[in-house]
Amino acid sequence: MFQIGNVEIKNPVIIAPMAGVSNSAFRSICFEFGAGLVYSEMISDKAIHFKSRKTIEMVRMFENEHPLAMQIFGSEEATMVEAAKYIEENTDCDIIDINMGCPVTKIIKSNSGSALMKDIDKAVSIAKAVVDAVSLPVTCKIRLGWSKDSINCVELSKRLEEVGVKAIAVHGRTKGQMYEGEPDYEWIKKVKEAVSIPVIANGDINSVTKAKQVMEYTGCDGVMIGRAAIGNPFLIRELVSYFNNEEIKEVSYDDRINMALSHADRLCGLIGEKYAMKQMRGLASWYIQGMPYSAKIKNQTSRLNTYEDLRKLYIDYLDEIKKYEALKEIVI
């Protein structure tokens, strides 16, 4: 348990902001599995400024989504402040996070995300302006630096703390690495040693063993889980159980199929069946990864149009697996 400003984080399991994934449907699942803090997908300051209908819909949240960090990205103080104020006034979120780590080209072209790490003065100035404008705790998500030759995460973190930022999440790669290569947890450890605010470690944390190793090595307050939680919210439960010294439950094929269908159902309620099923063509496949002859089912998943299509496909698939497992026992 730790504090971000006045917000109590009950355990160190933090769910990362993921574009196209971290909407209310996904977040509600993460909370149900016990996550200590969940981030929204990143929200454009300019889109809020221009009142984009799609973006305004993105800031919607359910009543049970606490504590939630809404993440904004941009490169201009005025619109970042405007976005932060809008979120504070129009949502019930607990924390506002500033994205200083996204390495995606279209974000970099707008001088946002990781591009801010090329100009620490500008990054700190934006953070200070947001901190001064809102009463909610403000946090930042950063990387190690722009490149291996310009690692500046320690210096940036110290200066962000000085202007009132309440916590920092550090992805253990540079912008240049994107998501390739091994994360460097040594630098995350150095950030933790350099500041007194909470530090959250991020990068390839995909198991209880890895989370334990990273927490012990870096001394961080939390571990941020990203892609490993897509289609596998059971990992969240495993991590929470580990940190609470509780028994880790086994996950059955039924659990995975039922969770995939629940995710689809929630998404349909959030954005409508047509758009929900377009998203689920990719997301549903994650739930069956590693299950018997799942490749064949994944191919069929990519052509789904309705919730009923998905339900029938996955229930029939589950029945086939059970018949296969029963036959194996008889043969043995």
Side-chain angles (χ1 to χ4, degrees), residues 16-23 39-59 68-88 90-91 93 95-134 136-147 150-153 155-157 159-161 163-180 191 200 202-203 224 226-227:
M18 291 178 280
V21 176
S22 301
N23 50 43
Y39 284 60
S40 73
E41 55 188 317
M42 60 182 182
I43 299 161
S44 165
D45 64 336
K46 289 291 195 298
I48 287 182
H49 173 74
F50 290 111
K51 300 297 184 288
S52 160
R53 182 178 175 182
K54 181 179 178 181
T55 300
I56 298 304
E57 286 293 311
M58 284 171 63
V59 303
L68 176 68
M70 285 275 185
Q71 187 185 76
I72 57 176
F73 74 93
S75 60
E76 297 177 13
E77 281 186 29
T79 46
M80 286 291 279
V81 166
E82 181 183 353
K85 284 183 174 180
Y86 179 88
I87 288 171
E88 180 173 47
N90 292 277
T91 80
C93 78
I95 293 166
I96 292 175
D97 184 75
I98 300 173
N99 185 309
M100 297 183 177
C102 181
V104 176
T105 301
K106 71 175 183 178
I107 304 299
I108 298 300
K109 282 184 176 178
S110 67
N111 295 314
S112 307
S114 294
L116 290 174
M117 297 198 72
K118 291 195 293 183
D119 188 343
I120 283 187
D121 290 340
K122 181 178 182 179
V124 173
S125 181
I126 288 172
K128 183 179 188 307
V130 173
V131 167
D132 292 345
V134 297
L136 293 175
V138 175
T139 61
C140 293
K141 188 171 189 296
I142 69 173
R143 284 193 166 228
L144 302 187
W146 179 257
S147 67
S150 58
I151 292 177
N152 54 10
C153 53
E155 180 187 355
L156 176 58
S157 297
R159 292 189 58 186
L160 289 172
E161 180 181 23
V163 298
V165 168
K166 299 301 184 185
I168 296 170
V170 187
H171 184 110
R173 295 183 176 93
T174 64
K175 181 271 171 191
Q177 289 177 278
M178 297 293 286
Y179 297 99
E180 302 297 324
V191 170
I200 300 164
N202 179 221
M224 181 172 277
R227 291 168 289 178

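Throughout, numbering of the chain's residues begins at 1 and tracks the sequence. Fair warning: this is a prediction, and the values are worked out from it, not measured in the lab. In what follows, every heavy atom counts, from backbone to side chain, and hydrogens, waters and symmetry copies are set aside.
Here OG1 of T79 is found 8.0 Å from CD1 of I126. Values are rounded to the nearest 0.5 Å. Between the CG atom of D45 and the OG atom of S110 there is a distance of 8.0 Å, given to the nearest 0.5 Å. Atom OG of S40 sits about 7.0 Å away from atom CE of M58, to the nearest 0.5 Å. Atoms CZ and OG, on R159 and S125 in that order, are 9.5 Å from each other to the nearest 0.5 Å. Separating the CD1 atom in I151 from the CG atom in L144 is a distance of 5.5 Å, to the nearest 0.5 Å. Annotation: the span from M80 atom CE to N99 atom CG amounts to 8.0 Å, rounded to 0.5 Å.
No side-chain N or O of N111 forms a donor-acceptor pair with one of K118 less than 3.5 Å apart.
At a threshold of 4.5 Å between non-hydrogen side-chain atoms, the residues S44 and F73 count as touching. I87 has its side chain within reach of I48: a pair of non-hydrogen atoms, C-beta onward, lies under 4.5 Å apart. Counting heavy atoms from C-beta outward, Q71 and E41 have side chains that stay 4.5 Å or more apart. Using a 4.5 Å cut-off on side-chain heavy atoms (C-beta onward), M100 and L160 make contact. With contacts defined as side-chain heavy-atom distances shorter than 4.5 Å, the pair P17/M224 qualifies. When side chains are defined from C-beta on, V59 counts as touching M70, because their heavy atoms get closer than 4.5 Å. Side chains of V170 and I200 form no contact here, defined as non-hydrogen atoms less than 4.5 Å apart.
Residues A84 and I96 approach most closely at O-CD1, 3.4 Å, considering heavy atoms. Considering every non-hydrogen atom in both K175 and P103, the closest pair reads CE-O, 3.7 Å. In terms of heavy-atom proximity, V163 sits nearest to A127 at CG2-CB, 4.4 Å. Considering all non-hydrogen atoms of both residues, K128 and D132 come closest at NZ-OD2, 2.7 Å. The shortest non-hydrogen separation linking I108 to S112 is CD1-O, 3.8 Å. Smallest separation of non-hydrogen atoms from N202 and H171: OD1-ND1, 3.1 Å.
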Worksheet item: Would I95 and L136 count as a side-chain contact (heavy atoms from CB on, under 4.5 Å) if you check the C-alpha gap in whole Å, the side-chain angles of each, and the deciding distance to 0.1 Å?
Response: CA-CA 6 Å; I95 293 166; L136 293 175; over 6 Å; no
Practice prompt. Using the side-chain contact (heavy atoms from CB on, under 4.5 Å) rule, take N152 and M117 through it: C-alpha gap first, then chi angles, then the decisive distance, then the call.
Written response: CA-CA 8 Å; N152 54 10; M117 297 198 72; 3.2 Å; yes
Worksheet item: So M42 and I72, side-chain contact (heavy atoms from CB on, under 4.5 Å) or not? Walk me through it.
Response: CA-CA 5 Å; M42 60 182 182; I72 57 176; over 6 Å; no
Item to complete: Determine, step by step, whether I56 and Y86 satisfy the side-chain contact (heavy atoms from CB on, under 4.5 Å) criterion, reporting the C-alpha distance in whole Å, the side-chain angles of both residues, the deciding distance to 0.1 Å, and the verdict.
Response: CA-CA 10 Å; I56 298 304; Y86 179 88; 3.5 Å; yes
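Side chain of T55 to main chain of A47: no donor-acceptor pair is present (N/O by atom type, distance under 3.5 Å, no hydrogens or angles).
Other residues, nucleotides and ligands contribute over 12 non-hydrogen atoms within 6.0 Å of the NZ atom of K122. Around the NZ atom of K85, the shell of radius 6.0 Å holds no more than 12 heavy atoms that belong to other residues, nucleotides or ligands. Atom NZ of K106 sits in a sparse spot, with 12 or fewer heavy atoms from other residues, nucleotides or ligands closer than 6.0 Å. Applying the 6.0 Å contact sphere to NZ of K166 captures no more than 12 heavy atoms from other residues, nucleotides or ligands.
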